Amino acid sequence: MDLEALKKEQLDLKKNLRLIDRLKVENIRYIAGVDLTYLDIWKNPTEGIACAVILDLKNCSEVVEIKYALKEVNFPYIPTFLAYRELPLVLEVTERLKNRVDVFMLDGMGIIHPRKMGIAAHFGVVRNCVSIGCAKSFLIGDYNEPKNEPMSYEILRIDGEKVGYVLRSKKNTKPIFVSPGNNITCETALEISMRCLNGYKVPEPTRLAHNYLQVYRKKLLAI
DNA sequence: GCGACAG
DNA sequence: ATCTTGTCGC
């Protein structure tokens, strides 16, 4: 594969990024969490499974809709090119949702990326929707360690530019990395992510998508 | 050149 | 990204 060509594609997609709030925070109500796994990551790392869960932010626990999708995954995992591996399944599963979605939350980076085109930003540009990236571990950037208390956060910068936040979602737990995908600001992405926290490291939308995936996966393996 | 590196 | 049990800290 030609990674240089894909880099150019990412830089081209970047021109369509809109890092301003399309929605007022008070009007954001339905948030969809998306996650992905593989049927047998060791023997068969090519059978991907995706799950999308819509939550009502009014109580942050009422599940409005759940959808799944299965698809062959051929592109390998290469840091900074995750979208080329996972986006096809993410697009497929989100297209199956019938209910209203105000914001999509993906498991991965938004603009905390060498070319500001992490999977959440890529998805947001391709779908022209509002998206947020919530990653569980570090990829790139400079930041100070947030204090060891829930809701403590610090700015993350790349080349001196603010591109997201490092958020301590839970005490004695490594922080998560929050950044805008598309059509949203760093501040709103952080605020929405914080509002979705429910005592766990991972925000409810992607946490539930991940949990439902495990159940669905075991069900498939039992057949 | 070397190391680091979302899922 | 998965698996699995115990163990440790709040």
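A quick note: this is a predicted structure, and the numbers were derived from the prediction, not measured. Proteins come first, then strands; the chains are lettered A, B, ... in the order of their sequence lines, and each starts at number 1.
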Exercise. Of the residues in residues 172-179 of chain A, which ones touch DNA chain C at a heavy-atom distance under 4.0 Å?
Worked result: A:N172

Exercise. A:Y77 stacking on C:dA1: centroids under 5.5 Å, ring planes under 30°?
Worked result: no

Problem set entry | Pair A:K67 + A:E92: basic N to acidic O under 4.0 Å | no

For this session: With heavy atoms under 4.0 Å as the rule, sort A:Y84 into base, sugar-phosphate or nothing.
Result: nothing

Exercise. Is a salt bridge present between A:D159 and A:R157, judged by a nitrogen-to-oxygen distance below 4.0 Å?
Worked result: no

Exercise. A:Y143: what forms a ring-ring contact (aromatic ring centres under 6.0 Å, His included) with it, not counting sequence neighbours?
Worked result: A:F177

For this session: Please report, rounded to the nearest Å, how far the C1' atom of B:dA4 is from the CZ atom of A:F81.
Result: 15 Å

Exercise. Are A:L19 and A:I192 linked, directly or through other ILVMFWY residues, by side chains that come within less than 4.5 angstrom of each other?
Worked result: no

Exercise. In terms of ring plane angle, is the pair A:Y84 and A:F75 parallel, tilted or perpendicular, where the classes change at 30° and 60°?
Worked result: tilted

Problem set entry | Distance, rounded to the nearest Å, where A:H113 contributes NE2 and B:dG7 contributes C1' | 12 Å

Seminar exercise, completed: Taken to the nearest whole Å, CD/A:Q10 to P/B:dA6 is 15 Å

Exercise. How long is the line joining CG of A:N211 and C1' of C:dT2, in whole Å?
Worked result: 14 Å

For this session: Starting at atom CD1 of A:I78, determine the distance to atom P of B:dA4, rounded to an integer number of angstrom.
Result: 19 Å

Exercise. What integer distance in Å separates A:D40:CG from C:dC3:C1'?
Worked result: 11 Å

Problem set entry | Touch class at under 4.0 angstrom, heavy-atom based, for A:H210 against every strand present | sugar-phosphate

For this session: Give a yes or no on whether A:V34 and A:F123 share a hydrophobic cluster (residues Ile, Leu, Val, Met, Phe, Trp, Tyr; joining criterion: side-chain heavy atoms under 4.5 Å apart).
Result: yes

Exercise. Base, sugar-phosphate alone, or nothing: which one does A:I119 contact when heavy atoms must sit under 4.0 Å apart?
Worked result: base

Exercise. Taking only N and O in the side chain of A:K136, is any of them less than 4.0 Å away from OP1 or OP2 of B:dG7?
Worked result: yes

For this session: Determine: side-chain N/O of A:T37 to OP1/OP2 of B:dG7, distance under 4.0 Å, yes or no.
Result: no

Exercise. Would you call A:R195 and A:E191 a salt bridge, using N to O less than 4.0 angstrom?
Worked result: yes

Problem set entry | Gap between atoms CG and C1', on A:D35 and C:dT2 respectively (whole Å) | 13 Å

Exercise. Whole-Å distance between C:dT2 P and A:Y38 OH?
Worked result: 10 Å

For this session: Ignoring backbone atoms, test whether A:R217 places a side-chain nitrogen or oxygen under 4.0 Å from the OP1 or OP2 oxygen of C:dC3.
Result: yes

Exercise. Want to settle it: does A:E86 or A:K171 sit nearer the 5' end of DNA chain C, counting the closest nucleotide to each?
Worked result: A:E86

